[in-house]
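All values below come from the heavy atoms of this structure, side chains included, with hydrogens, waters and symmetry mates left out.
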Amino acid sequence: GGKNQDGEPLHEYRMPEAAPEKKGRLDLPRRTSAFLIRFPAMSASDFKPSAGDAWGALAATLVALPQALAFGVAIYSPLGGDLAAQGAVAGLLGAVAMGLFAPALGGAPRLVSAPCAPAAALLATLAASLAPLGPERAPLLLAAVGLGAGLLQIAFGLAGGGRLIK
């Protein structure tokens, strides 16, 4: 094989040097740390949000909450008009949970976590097919499908499935 600029063989891989240890943070591989909530050792004086942070949070909230309400109502409406309000509550709870857990579990730079219209359309279709089971069982089955989809995403992430997308 050939050699690189430093005269080293191209087929050898050199591990990058370890970054200096950061006090109060977990130094784990990116793949592992993406699934752990990290709480750095910070005092109240270390936290200085910028005006851009505040405007970004407000913009994300103004986009995500109405979408979550609409998608929740759209998903639950095939189960009957009485459950539309429960759909709105479910949508709001989902948006709040996503807003709390998505940043804590990691992600990509400039990634906005928000409700997904195609997923809402698929869940509404599933809700329509589950409607004959009754208003007691259908929401539980929809929640089980959502949890199952989340577990599959975690499994694909741990297995390195993101490399297929890159």
Side-chain angles (χ1 to χ4, degrees), residues 25-26 28 30-166:
R25 292 188 181 264
L26 295 174
L28 297 172
R30 168 97 171 108
R31 190 167 159 196
T32 305
S33 64
F35 294 98
L36 297 176
I37 299 174
R38 295 180 288 171
F39 295 104
M42 296 177 75
S43 66
S45 63
D46 293 336
F47 182 68
K48 296 176 185 168
S50 69
D53 292 335
W55 285 113
L58 179 64
T61 301
L62 291 176
V63 169
L65 288 181
Q67 280 183 335
L69 280 169
F71 293 158
V73 170
I75 291 169
Y76 272 63
S77 61
L79 300 176
D82 299 341
L83 293 179
Q86 288 182 7
V89 171
L92 282 176
L93 290 175
V96 169
M98 185 174 12
L100 292 175
F101 288 111
L105 296 177
R110 296 172 297 280
L111 175 70
V112 176
S113 299
C116 178
L122 289 173
L123 282 173
T125 304
L126 179 63
S129 67
L130 294 175
L133 297 176
E136 299 84 24
R137 292 183 62 197
L140 291 174
L141 292 172
L142 286 172
V145 167
L147 289 174
L151 290 174
L152 280 175
Q153 287 181 5
I154 290 171
F156 284 131
L158 289 174
R163 289 188 303 260
L164 298 174
I165 295 172
K166 291 182 182 178

Just list the side-chain donor-acceptor pairs under 3.5 Å for residues 71-79, sequence neighbours left out, or say none.
from: S77; atom 1: OG; to: V73; atom 2: O; distance (Å): 3.3
from: S77; atom 1: OG; to: A74; atom 2: O; distance (Å): 3.2

Without placing hydrogens or testing angles, list every side-chain donor-acceptor pair under 3.5 Å for residues 122-135, not counting sequence neighbours.
from: T125; atom 1: OG1; to: A121; atom 2: O; distance (Å): 3.0
from: S129; atom 1: OG; to: L126; atom 2: O; distance (Å): 2.7

Worksheet item: Where is the tightest heavy-atom contact between M98 and P115, given as atom of each residue plus distance?
Response: CE-N, 3.7 Å

Practice prompt. For L65 and A95, work out which heavy atoms get closest and say how close.
Written response: CD2-CB, 4.1 Å

